[in-house]
Amino acid sequence: MRALRTAGPAFVGLVMAAVLVATTAPSSSVTPAADEPGAGQRTAPRPMLEWSGYRIADTGKAAGGWIGARRWGRNGPVLYRVDPAASDRATSYKPGRFVERLLGKAPRSSADRRTTARAAWILSKYGRLRLPAQSAAVDAALLHLLAGGRWSLSGDAGKRRIRQSEESAVVGSLARTMLDDSRRRSGPYKIQVRQKGVAVIGDSVRLGIRVVVARNGRPLPFVPVRIQTPHGVLKGDLTRADGRINLTYPLPDAGVTPIRVRVANVPETRLRLLSPRRPSASRAAIAGKKRLLGAQDVIYVKARPRVVVTTGDKRIVAGSKSKGRFRLADAAEAWPRTATVTLHGPFAHPDNAGCGSRTARTGQTRVTGAGNYAVPRFTLRREGYYVLRVRVPGNRVNLPASDCGGRFMVVKD
């Protein structure tokens, strides 16, 4: 059998390098759906061209005659047949659709969700690179996953197709690598967002983003990340080899700020499947499909609130109840919390009145956001000078705040 393209040791090294590039470098978006077979108006059928791979023995089945990638016309999408035992060859297709699970009965292939996701990952990562050995390996790996049995790498039909490529060692090695990588690295994926440290109004927020395989936490490297904020879009770089990227959000407002994280060029977990108009023909999957991954989160920026304590009466009669108020200003959000009110005294001289000692009473006041609040009223019988301390605790969006003031005097009737 004569190979369409032959390869020596130098070519083997080139193929291995290409696989590494396909694994680690970002890929561009694929041909839009409007260019797929069956999209738009009905037109005359286009030929399915043998695009990248090797000629093999023609068995009269869909898997015969070629191992590798095909193309629908000169500028159409790159396709791989998924039903090797189908007897006819398609000349036209219905509009494509995404499937999370490949369904079919003999002679059509079928696979569960996990296996379908692995096949989609291989197509997404490796399917559009035009290297014959790599295209043949993608073809062999897909049939191993989706058809299995005699079409697997160890099955008689699978081994025969690889052997006829005349680059069997390279094709077999690449196919096994793809299958191993798909087991560990195929999606679905998730985005992890972490705010680094505490941000106070006026500071920049530091965010750590990581994209990982949902089931095992393995990183998804070299995909672009951007964040949509109320102030615009933060364009990030590519995730590193560990799937991480750090971004800085400048000039944030105090409070809770919603953000939307978008990660592009994420490998697909679904097959973009084309069904032939002739039921006896093989279905085909489109290579190179990517998807956009999104997540929503919030960031917290603390305000610097201020507390100002005042009293109602500067002088009250012993046995009466005190009056006092405080104002909470510059607080972010209306988050409930409990303020602690401490009355200090009595002091014999006004200059000695302070909040460091002589605690006379303690109470609490519920606060929400900025505004004016009354302090608890205390019945006081001892003469002297008193002052109030109000402490408002911090929370996710506010620093703690306090004030000592509102001095007043208790006198005899």
Side-chain angles (χ1 to χ4, degrees), residues 194-207 249 251-258 297-413:
R194 183 170 67 90
Q195 181 174 334
K196 296 185 173 183
V198 175
V200 180
I201 188 169
D203 298 339
S204 294
V205 176
R206 295 180 300 125
L207 296 173
Y249 176 21
L251 303 177
D253 298 324
V256 181
T257 301
D297 213 299
V298 294
I299 60 174
Y300 298 92
V301 178
K302 292 180 182 286
R304 291 187 175 92
R306 296 179 294 112
V307 173
V308 179
V309 180
T310 60
T311 54
D313 298 321
K314 299 296 183 181
R315 182 188 295 262
I316 65 173
V317 177
S320 301
K321 289 188 174 183
S322 63
K323 296 178 182 179
R325 300 185 66 81
F326 68 91
R327 179 167 58 89
L328 179 62
D330 301 331
E333 311 279 345
W335 284 24
R337 52 202 188 277
T338 301
T340 300
V341 180
T342 307
L343 180 67
H344 296 269
F347 299 94
H349 194 278
D351 293 339
N352 296 331
C355 295
S357 61
R358 296 191 184 182
T359 300
R361 300 282 194 280
T362 300
Q364 293 181 329
T365 298
R366 181 179 173 82
V367 302
T368 52
N372 296 309
Y373 299 90
V375 302
R377 301 184 67 181
F378 303 110
T379 301
L380 303 173
R381 303 185 185 281
R382 297 178 62 187
E383 299 172 68
Y385 293 91
Y386 292 83
V387 290
L388 290 162
R389 176 180 288 280
V390 176
R391 292 186 177 91
V392 178
N395 55 25
R396 297 292 294 271
V397 294
N398 290 284
L399 292 172
S402 67
D403 186 39
C404 178
R407 187 179 66 193
F408 63 94
M409 184 180 183
V410 176
V411 298
K412 286 185 178 180
D413 189 357

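Between Leu207 atom CG and Gln195 atom CD the span is 6.5 Å, to the nearest 0.5 Å. Distance check: Arg325 CZ to Leu388 CG gives 12.5 Å after rounding to the nearest 0.5 Å. Summarising the geometry, atom CG belonging to Leu380 is positioned 5.5 Å from atom CG belonging to Leu343; distances are rounded to the nearest 0.5 Å.
Side chain of Arg382 to backbone of Val410: no donor-acceptor contact under 3.5 angstrom is found. At distances below 3.5 Å, at least one donor-acceptor pair connects side-chain atoms of Arg358 with backbone N or O atoms of Pro346. Arg377 places a side-chain N or O within donor-acceptor distance of the main-chain N or O of Ser322, the cut-off being under 3.5 Å. Judged by distance alone, with hydrogens and angles left aside, the side-chain atoms of Arg337 form a donor-acceptor pair with the main-chain N or O of Thr368 at under 3.5 Å.
Heavy-atom minimum distance, Val205 versus Pro252: CG2-CG, 3.8 Å. Residues Arg391 and Thr342 share a closest heavy-atom pair of NH1-OG1, 4.1 Å. Counting all heavy atoms, side chain and backbone alike, Leu251 lies closest to Ser204 at N-OG, 4.4 Å. Smallest separation of non-hydrogen atoms from Ile201 and Ala254: CD1-CB, 3.9 Å. Taking every heavy atom of both residues into account, Leu328 and Gly369 meet most closely at CD2-O, 3.6 Å.
Taking the ring-ring contact (aromatic ring centres under 6.0 Å, His included) definition, one finds that Phe408 meets it with Tyr386, sequence neighbours left out. Scanning for side chain to side chain donor-acceptor pair (under 3.5 Å) contacts around Ser320 gives an empty result, with sequence neighbours left out. A search for ring-ring contact (aromatic ring centres under 6.0 Å, His included) contacts involving Tyr385 returns nothing, not counting sequence neighbours. For Lys314, the salt bridge (Lys or Arg N to Asp or Glu O under 4.0 Å) criterion is met by no residue, not counting sequence neighbours. Every residue meeting the salt bridge (Lys or Arg N to Asp or Glu O under 4.0 Å) condition with Glu383, not counting sequence neighbours, appears here in chain and number order: Lys412. Residues satisfying the side-chain contact (heavy atoms from CB on, under 4.5 Å) test with Arg315, not counting sequence neighbours, are Met409, Val411. For Asp330, the salt bridge (Lys or Arg N to Asp or Glu O under 4.0 Å) partners two or more places apart in sequence, or in a different chain, are Arg306. For the ring-ring contact (aromatic ring centres under 6.0 Å, His included) test, residues two or more places apart in sequence or in another chain that qualify with Tyr249 are His231. Partners of Lys323 under the side chain to side chain donor-acceptor pair (under 3.5 Å) rule, at least two apart in sequence or in another chain, do not exist in this structure.
Counting only residues at least two apart or on different chains, the ring pair (Phe, Tyr, Trp, His ring centres under 6.0 Å) pairs with a member in residues 351-383 are Phe326-Tyr373. Here ring pair (Phe, Tyr, Trp, His ring centres under 6.0 Å) pairs that include residues 339-362, with residues two or more places apart or in two chains, number zero.
Within the 4.5 Å cutoff, no side-chain heavy atoms of Arg389 are placed close to those of Val341. Residues Pro376 and Gln364 fail the side-chain proximity criterion, which asks for heavy atoms closer than 4.5 Å. Inter-residue side-chain proximity for Val307 and Arg327 is flagged as unmet; no heavy-atom pair is nearer than 4.5 Å. Thr362 places a side-chain heavy atom less than 4.5 Å from the side chain of Thr340. Residues Thr257 and Val298 fail the side-chain proximity criterion, which asks for heavy atoms closer than 4.5 Å.
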When the side chains of residues 395-407 are checked against the rest of the protein, which donor-acceptor pairs come out under 3.5 Å, sequence neighbours left out?
unit_1: Asn395; atom_1: OD1; unit_2: Val397; atom_2: N; d: 3.0
unit_1: Asn395; atom_1: OD1; unit_2: Asn398; atom_2: N; d: 2.9
unit_1: Asn395; atom_1: OD1; unit_2: Asn398; atom_2: ND2; d: 3.2
unit_1: Asn398; atom_1: OD1; unit_2: Ala332; atom_2: N; d: 2.8
unit_1: Asn398; atom_1: ND2; unit_2: Ala332; atom_2: O; d: 2.9
unit_1: Asp403; atom_1: OD2; unit_2: Val309; atom_2: N; d: 2.8
unit_1: Arg407; atom_1: NH1; unit_2: Pro350; atom_2: O; d: 3.1

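Test Val308, Val367, Val375 against Val390 for side chain to side chain contact (heavy atoms under 4.5 Å, CB included) and you get one pass: Val375.
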